[in-house]
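Heads up: the structure comes next, in structure tokens.
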2 protein chains.
Amino acid sequence: METTTSLQTEQKAEELGTKARLLSVAEKLFAERGLAATSIRDLARKAEVNIAAVNYYFGSKENLYLETLRHTFQKAIVSSPRFDQLLKEAQTTKTPQAAQQAIAEYIELFIKLILTSDEARRHACLMSREMSDPTPALDVVVAEFILPKHKALTALIVQAQPALTGSKDLPFYALSIVSQCLHYHFALPIILKLLNKKEMTPEVINQVAKHIASFSLRALTSLTPNNL
Amino acid sequence: METTTSLQTEQKAEELGTKARLLSVAEKLFAERGLAATSIRDLARKAEVNIAAVNYYFGSKENLYLETLRHTFQKAIVSSPRFDQLLKEAQTTKTPQAAQQAIAEYIELFIKLILTSDEARRHACLMSREMSDPTPALDVVVAEFILPKHKALTALIVQAQPALTGSKDLPFYALSIVSQCLHYHFALPIILKLLNKKEMTPEVINQVAKHIASFSLRALTSLTPNNL
DNA sequence: AAGTAATTAAAACAAACGTTTGATTTGTAA
DNA sequence: TTACAAATCAAACGTTTGTTTTAATTACTT
């Protein structure tokens with residue numbers, strides 16, 4: 001029996017139970033290869049777990065995939081106050097300049113997470129696979145993870161450019177910013193070829209972050225009532 | 001025997017041979033489900049062809065996939081002078097204004113292709129699957145298809161904003177524009193949920209095209225030597 | 001210490017997979 | 001017609017797939 005409260009079942013706190021070990025390896029493999037290309041046997045072997053454990057704990061492979069996405073993005077939600085902090089800070093200082101600065105930092109944080117953090121990369125991989133082959137899990141992730149972030153960023157954008165208040169294509173602004181960042185995840189292999197590079201160096205990453213921030217803020221701040 | 005020159009083997013010109021039928025169905029299925037999730041049996045059944053035909057004509061499933069990508073993007077290259085024409089026209093009129101207009105039309109054409117043309121959508125699907133799980137075919141597609149387009153768009157950008165000449169983050173500008181467009185393919189299911197829509201209507205598509213063009217051109221034209 | 005529930009383990013299941021085989025049909029040229 | 005090569009076909013190949021079964025083992029409660 002897997003008890004979550006008692007510590008007697010685990011000699012060391014660091015040791016993961018069978019279920020947790022499955023979820024951990026599943027996150028890795030599903031992100032790397034996708035649902036169809038990941039076999040339960042490979043998964044069980046890498047998790048050092050019997051083949052039957054998957055069906056014992058999760059009922060089916062599909063359900064393991066669904067639970068893996070839930071588990072992964074719940075982790076991400078908990079560990080994302082870094083972003084939310086940024087948004088809150090700007091709201092205290094209500095000036096457009098503060099919001100613009102927050103947007104620039106948001107972009108920089110986003111780009112660096114995607115291009116340097118293995119965990120963030122896994123999340124992005126799982127998400128892009130969901131977009132190619134949507135499952136019921138996508139609804140949950142969008143509602144609980146993406147929609148709140150989109151709303152928060154949009155609020156920041158309005159603060160940075162008050163002229164946008166009530167504009168009918170307001171929701172597209174956050175998409176313009178986020179899409180530029182995500183492109184450096186989705187299209188990374190292509191972008192590396194275009195830049196004639198083997199990998200993303202810290203210098204290039206900084207350059208990219210600065211470019212997207214500058215590009216987007218110019219688009220935002222140069223907005224005049226004529227453009228609306 | 002499949003003869004490519006003689007017409008006697010095909011009663012009607014519209015009828016496709018076994019090989020062509022396989023390539024056609026393969027493009028569809030690989031785009032919809034990906035390599036791993038597409039079975040040769042399903043493919044052969046939908047192409048009304050014997051199972052052994054795949055290995056007879058292509059040697060293996062993997063090779064069929066590779067040939068499908070080659071075939072598909074070679075078609076795309078041939079049928080893309082619509083884009084190239086746009087670039088050429090701007091070069092004749094050498095003014096920044098002409099280039100800016102061309103960029104706006106480029107974006108509109110791009111967005112509408114991605115969101116309305118089934119063939120363009122298939123190409124985009126194949127490409128996004130290649131980016132998630134790169135195969136040797138990616139190199140070919142990038143070199144022959146993407147790199148030329150990136151160079152042409154970059155030339156257009158320099159013409160639209162001559163101050164960018166020689167700038168070290170010049171290659172990122174085309175990426176900023178293209179990424180915004182592609183996002184409406186990659187993240188379409190998510191974007192629909194964000195916009196609370198069932199599907200993309202022609203009105204929204206127009207709105208998106210206008211937004212991206214306006215957003216990008218503002219970012220481009222508001223560039224001053226200070227920003228460099 | 002006994003007994004019950006939870007977990008692990010090994011083995012086997014049918015189904016589907018990509019591929020190969022060998023025979024048959026088809027088209028063409030001698 | 002005869003001969004030969006290309007194309008198509010049904011059938012079966014050996015693996016691998018996700019899942020289930022059955023038995024042994026472990027952990028917890030009474």
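Below, chain A is the first sequence line, B the second, and so on; all start at residue 1. Just so you know, these numbers use all the heavy atoms, side chains as well, and skip hydrogens, waters and symmetry mates.
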For this session: With a 4.0 Å heavy-atom cut-off, tell me which residues in residues 37-46 of chain A come close to DNA chain D, sorted by residue number.
Result: A:T38, A:S39, A:I40, A:R41

Seminar exercise, completed: By nearest-heavy-atom nucleotide on DNA chain D, the more 5' of A:A36 and B:Y56 is B:Y56

Exercise. Cation-pi between B:K149 and B:F145: NZ/CZ under 6.0 Å from ring centre and within 45° of the ring axis?
Worked result: yes

Could you state the atom-to-atom distance from [atom1] of [X] to [atom2] of [N] in whole Å?
| X | N | atom1 | atom2 | answer |
| --- | --- | --- | --- | --- |
| B:R21 | D:dT8 | CZ | P | 8 Å |
| A:K61 | D:dT16 | NZ | P | 15 Å |
| B:L22 | C:dG18 | CG | P | 13 Å |
| B:L35 | C:dC17 | CG | P | 13 Å |
| B:L29 | C:dG18 | CG | P | 12 Å |
| B:N63 | C:dT20 | CG | P | 12 Å |
| B:N55 | C:dG18 | CG | P | 10 Å |

Exercise. Can you tell if the side chain of B:P171 reaches within under 4.5 Å of the side chain of B:T154, non-hydrogen atoms only?
Worked result: no

Using the ring of each side chain (for Trp, its six-membered ring), is [X] parallel, tilted or perpendicular to [Y], with breaks at 30° and 60°?
| X | Y | answer |
| --- | --- | --- |
| A:F172 | B:H211 | tilted |
| A:Y65 | A:F30 | perpendicular |
| B:F186 | A:F186 | tilted |

Problem set entry | Non-neighbouring partners of A:N196 that pass side chain to side chain contact (heavy atoms under 4.5 Å, CB included), sequence neighbours left out | none

Problem set entry | Contact under 4.0 Å: A:T18 side-chain N or O vs C:dT8 OP1/OP2 | yes

For this session: Determine: side-chain N/O of B:S60 to OP1/OP2 of C:dG18, distance under 4.0 Å, yes or no.
Result: no

Exercise. Do B:E32 and B:K28 sit within salt-bridge range, that is, some charged N less than 4.0 Å from a carboxylate O?
Worked result: no

Exercise. Is B:R21 salt-bridged to B:E48, cutoff N-O under 4.0 Å?
Worked result: no

Exercise. How far does OH of A:Y184 sit from CG of B:L175, to the nearest 0.5 angstrom?
Worked result: 4.5 Å

Scan nucleotides 9-11 of chain C against the protein and return all N/O pairs shorter than 3.5 Å with their distances rounded to 0.1 Å.
none

